[in-house]
Protein chains: 2
Amino acid sequence: MGVMSIGEAAAASGVTAKMIRHYEDMHLIPEASRTLAGYRMYSDKDVHILRFVRRARGLGFSIKQIADLLGLWRDQSRSSARVKALALEHIAELERKIAEMQTMKTELERLAHCCHGDHRPECPILEQLAGDSPADAG
Amino acid sequence: MGVMSIGEAAAASGVTAKMIRHYEDMHLIPEASRTLAGYRMYSDKDVHILRFVRRARGLGFSIKQIADLLGLWRDQSRSSARVKALALEHIAELERKIAEMQTMKTELERLAHCCHGDHRPECPILEQLAGDSPADAG
DNA sequence: TCTGAACCTTCCCATGATGGTAAGGTCAAG
DNA sequence: CTTGACCTTACCATCATGGGAAGGTTCAGA
């Protein structure tokens, strides 16, 4: 598969054709060369880049971060410290989001635990949301 | 504060004026009545609703879910079982997202741990993303 | 050679919740 | 009457992704 259509590159990389075009539009990946008819053409090297992007997305990196990672990947004189710094930043962000959701989950579990969950209308979950119980305001 | 402007309602509820208008546009909250000049007017009851929405958002409920919760809150003949079911669904969704991010975090920590993070270019993080190491494909 | 399926192209719209800004009207205090 | 703070609507942006329409291309099979 030296030269591929966008559909073949999509199948080979795990990135949808739709997203490949989108990544090109936003300059995350290089502009693809075209056939006479205007069809995009991809090489194995392009697929390699697309797989890199897909794996980075799988780890939750943003497009902006992936652009940075691709730059470092290309840069033979990079320092691994810069890559590691990017990773650690992302880890911190993940931790922040996990903690936020964990807090929500814990609170919801507490409320759900208090709720009888039967045919009757009395519901501590709604009471809490309504602020009938004391606690916070605006 | 029997009757308030949108700014006052925002301050009293913790929901920005911007979002109050947005919630009205999407029919999450009732359409506000207007002054002769076209300014929206809010009552204490409206602020109560807005606070409900804000607290529900704070627990991570989606607008769609909050619409359902508001319906149940209004419905004096609701069963608490339905409220609890909504809450449990949301808890499950939170768990799913937390697990997903936890997986990312764990993998990234493993990679970051392997990376020297010094001036040299060798970097297991990039190698993994590039797929130089074995593992998955597209 | 014609035809149809399967592909490609671009362009626009939608998601979900939120923020920003611009252009203009209103109101209250000075 | 002016000024500043507020309100109005309308549009655009975020972030990553998907859907669909309208139209061109390619290739295989009849």
Side-chain angles (χ1 to χ4, degrees), chain A residues 1 3-29 31-42 46 50 52-70 90 93-94 96-97 100-101 104 138, chain B residues 1 3-29 31-42 46 50 52-70 90 93-94 96-97 100-101 104 138:
Chain A
M1 292 293 263
V3 172
M4 281 164 278
S5 70
I6 195 170
E8 291 165 330
S13 67
V15 179
T16 64
K18 196 89 183 176
M19 288 313 295
I20 294 176
R21 292 192 194 95
H22 185 53
Y23 290 158
E24 180 181 324
D25 282 349
M26 66 201 322
H27 306 294
L28 178 65
I29 60 177
E31 205 166 338
S33 51
R34 305 283 186 130
T35 67
L36 286 177
Y39 282 23
R40 287 178 181 78
M41 293 186 292
Y42 295 90
D46 292 321
L50 287 169
F52 183 104
V53 172
R54 184 180 57 78
R55 289 201 183 87
R57 285 294 303 139
L59 288 175
F61 283 104
S62 70
I63 298 300
K64 175 65 186 63
Q65 288 174 316
I66 295 174
D68 292 344
L69 287 170
L70 283 172
H90 182 40
E93 180 69 5
L94 284 170
R96 201 188 54 70
K97 288 183 185 167
E100 185 187 359
M101 292 200 289
M104 292 175 177
Chain B
M1 292 293 264
V3 173
M4 280 164 279
S5 70
I6 195 170
E8 290 165 331
S13 67
V15 178
T16 64
K18 193 91 185 177
M19 289 312 296
I20 295 176
R21 293 193 194 97
H22 184 54
Y23 291 156
E24 180 181 326
D25 283 347
M26 66 201 324
H27 306 293
L28 177 66
I29 59 176
E31 204 166 338
S33 52
R34 307 281 186 132
T35 66
L36 286 178
Y39 282 24
R40 288 176 180 79
M41 292 186 293
Y42 296 89
D46 293 320
L50 287 169
F52 183 104
V53 173
R54 184 179 58 78
R55 288 201 184 87
R57 284 292 304 138
L59 288 175
F61 283 104
S62 70
I63 299 300
K64 174 66 185 63
Q65 288 173 316
I66 295 174
D68 292 345
L69 287 170
L70 283 172
H90 182 41
E93 179 69 7
L94 285 171
R96 202 187 55 67
K97 288 183 184 167
E100 186 187 356
M101 291 199 292
M104 291 175 178

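Quick note: numbers below take in every heavy atom, side chains included, and nothing from hydrogens, waters or symmetry partners. Chain identifiers are assigned alphabetically (A, B, ...) following the order of the sequence lines, protein sequences preceding nucleic acid strands; residue numbering begins at 1 within each chain.
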Heavy-atom pair of closest approach, residues B:M104 and A:R57: CE-O, 4.4 Å

Extract from the structure each pairing of a protein N or O with an N or O of nucleotides 1-3 of chain C at less than 3.5 Å, listing the distance.
none

Distance-minimising heavy-atom pair for A:V3 and A:E8: O-OE1, 4.4 Å

Under 4.0 angstrom between A:R40 side-chain N/O and C:dT10 OP1 or OP2: yes

Phosphate-side-chain proximity, A:R54 and D:dT17, N/O vs OP1/OP2 below 4.0 Å: no

Sidechain N-carboxylate O distance under 4.0 Å for A:K64, A:D68: yes

C:dC7 phosphate, OP1 or OP2, under 4.0 Å from A:S5 side-chain N/O: no

side-chain N/O B:R57 vs C:dT18 OP1/OP2, d < 4.0 Å: yes

Carboxylate-amine/guanidinium contact B:R96 B:E93, below 4.0 Å: yes

Pairing of B:E31 and B:R40 as salt bridge, 4.0 angstrom limit: no

A:G38 vs B:I63, nearer the 5' end of DNA chain C by closest nucleotide: A:G38

Non-hydrogen atoms of B:I20 and B:S13 that approach each other most closely: CD1-OG, 4.5 Å

Under 4.0 angstrom between B:Y23 side-chain N/O and C:dA17 OP1 or OP2: no

4.5 Å side-chain heavy-atom contact, A:I29 and A:L50: yes

B/S/- contact track for nucleotides 21-28 of chain C, protein heavy atom under 4.0 Å: B---BBS-

For atom CG of B:D25 and atom P of C:dT15, their distance in whole Å: 13 Å

OP1 or OP2 of D:dG18 under 4.0 Å from side-chain N/O of A:T16: yes

Sugar-phosphate, base or nothing in reach of A:R21, heavy atoms under 4.0 Å: base

Terminal axes of the helix from C:dT1-D:dA30 to C:dG30-D:dC1 (five pairs each): angle between them, nearest 10 degrees: 30°

d(NE2, A:H22; C1', C:dT9) in whole Å: 17 Å

